[in-house]
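Each remark here refers to the structure printed beneath this line.
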Amino acid sequence: MFGLIDDSIRYKGNQIMDKEKSKKKNYRSLMRNVVLTILLTALTPTLVVSIFILNQFADSYQKKVHDHFTLLARKHKTIIDLFLEEKLMDIRLLASAYRFEELGNESLLNRKLIEIQQAHDRVFVDVGLVNSKGLQIAYAGPHNLTGASYADSEWFKTAINNPYFISDVFKGLRGTPHFIVSVRQEIDGKPWILKSTIDFGEFNILVENLRIGESGFAYILNKKGEFQTSPIAEVKPGILIDHFEKNGILDRPNSILKLKNNDGKELIYNVTSIKKGEWVMVLQQDYDDAFAELKVTQKIAVLIIVVASLCIIASSFILSDILIGRISLADEEKESADKEKEILAQQVIETGKLAAVGELAAGIAHEINNPVAIMIEEAGWIQDLLEEEDLKQSENLEEFYRSLKQINTQGRRCKDITHKLLSFARKTDPRVVQISINDLLKEIVHLSSQRAKYDNIAIHTELEKHLPAISASETEMQQVFLNLVNNAMDAIDKRGGSITLTSKLVGDDLAVMVADNGAGIAEANLSRIFDPFYTTKPVGKGTGLGLSICFGIIKKLGGDIHVRSTKGKGTTFEVRIPVKKEAELPQEDALDTG
Amino acid sequence: MSIAKVLLVDDEKPFVETMMKRLKKRDVDIVAAYDGQEAIKCLAGDDNIEVVILDIKMPVMDGMTALKEIKRKYPLVEVIMLTGHATVETGIDGMKLGAFDYLMKPCDMDQLITKVAAAAQRKREHEQKIMEARIQTITLRRP
């Protein structure tokens, strides 16, 4: 048996635990879904927009860097081309202004060299007149090169076949880097050349001074990959030219490309064709340097995105936690409300059952009461008949009396039971009205006067005037005071006595005293007199319910009921009922006694 | 000489019959009725009835209605309410309508006899007072 109960408890315990686990699992799943939903709806657009903006920004920045490179390259290409054109024009002007014979005069050449040097800040180093066989027949300049032969020089071979010519940089006879600008003219069908050496340093400055950022610089290469200016950092021109050639860059006026050097460092190049495609000007810068600001901005942007994402993630967890907490609380409240509703519904059913049982009991009590009354009357009649003289001789007379007494006693027990049931089931008027306590007490005295008269009891009243009204059910109040007066009369024996009803205001309470000079109550019984079914009256005289009902009614009004009693001298019941001061009823006299 | 002439009104025949025998044995002149209407008829046909012992719950006409009717038509006749479900309230209600007293079924015979005697006594006193008042009035009218 106990094993079965244990199993049942364990089963129920397991069921509750399973339910709790399932609930927790559901909440976890709900939390996960809420977090994912928030992350998906908040984080995805943030990331997509951020990445899009970053890409757009990177593209824009790259375009800006490229544009900057191109602009610089074009500017310098113009400067360099102009420089070369200008120098060539000066020599062409000189060659066309004078005849071959005149230019063969070295003093004229010296004068003209000084003039163009003064005009161009000594960019022109020297001027020489070379005949068709490569022999320098006149020379003006710092070196003694009159009579020098250039017949085998590469530049001469090209220059003698072209109307004008600008050579690559070379060291030549003087052993220092320089280049030659030459113009070809003819005399009597034979070509001659007026050539001038351009100062490399002056030309180099045009490119050397070009700086881009912290690491950017420029240099010029010919198509063979030879430097035409001096780079400020180490550059491997051969590899570069090969790459340019392979990718067709040398054929384009301007190109931008990104390459890695031998150290693995990324470099950005701008390659611009100059000198009619014979040379290329290369602008070179470290990629990181060129895009340094973009990198910084990207890092800040990424940091902001990461922080924002972390905030979103944290918010999603916090919000989900709060949401789940509230849902859980609402569920608990709903469960609690459902339980309360269930309990209430159960109580309503129980109350209904009790009411039905009460009605049934009252009906049965009433129906039983009449037959019991008849039985008792019949027993009484038999007892009357036994009084007849002829029956008095019967030897069973005592047994008849004993039996009749028992029928009477048990009948009265039935009566008590039915009266108790009726008393509990009866309906009183519970409407709360304003009651004048003095009027009520006078009515009680009137109702009790007949019994008092035949029991030799004098009822006196000492009722204080201008007492405030009390809010209570009138029938309940009648019940209370009639009970107290009836009890007082029961306490007085056949020799008679007196009962005094007193009413007065004590503080905020209305006090009513019912005092008798009857038998009094033993001290041992005083503490129990308000207990239900407790009575000191003889069997059949009291149900033991009167005072407990009175006690309940007075307590319901927020009042109190006390008893003082001395055995053999009498008993006083004091009822205290709280009053509302504004409800005072007007009365005429100061004290009403009777 | 009987204590009083009493009309016992109750719908429970066995109760009425036994009660009549017992009251007769105690020198009570007793007649019976089994509902309120019959009680009113009895009173109409017998001026000597002094006290009515009246049950509350009855068919045709209940005790409270009968009490009102008796008190309206025969105000000097005293009524003792005797009922199976006599409570403080029904007792008070009855007495408010003019009943002399109330008793709960089953009642103590001695108590009933005492109350019947007291009720008859009060009726006689009332009649006496009315008689005296009438005599006084007649005497005063004489020249």
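Side chains included, hydrogens not; waters and symmetry mates left out as well; all remaining heavy atoms used. Below, chains carry the letters A, B, ... as their sequence lines are ordered, and counting in each starts from 1.
- Contact count versus chain A (heavy atoms, under 4.5 Å) is highest, among B:K115, B:K96, B:K25, for B:K25.
- Rounded to the nearest 0.5 angstrom, B:E17 CD and A:I374 CD1 are separated by 9.5 Å.
- With a 4.5 angstrom heavy-atom cutoff, B:K21 touches chain A via backbone and side-chain atoms both.
- Comparing A:I376, A:D384, A:N408 by how many heavy-atom pairs each has under 4.5 Å with chain B, the most go to A:D384.
- The number of heavy atoms from other shown groups lying within 6.0 Å of CD (B:E125) is above 12.
- Atom CD in A:E377 sits 8.0 Å away from atom CG in B:L112 (nearest 0.5 Å).
- With a threshold of 4.5 angstrom between heavy atoms, A:E443 approaches chain B through side-chain atoms but not through N, CA, C or O.
- Separating the CZ atom in B:F15 from the CD atom in A:E378 is a distance of 10.0 Å, to the nearest 0.5 Å.
- In this structure, CE on B:M109 lies 10.0 Å from CH2 on A:W381, to the nearest 0.5 angstrom.
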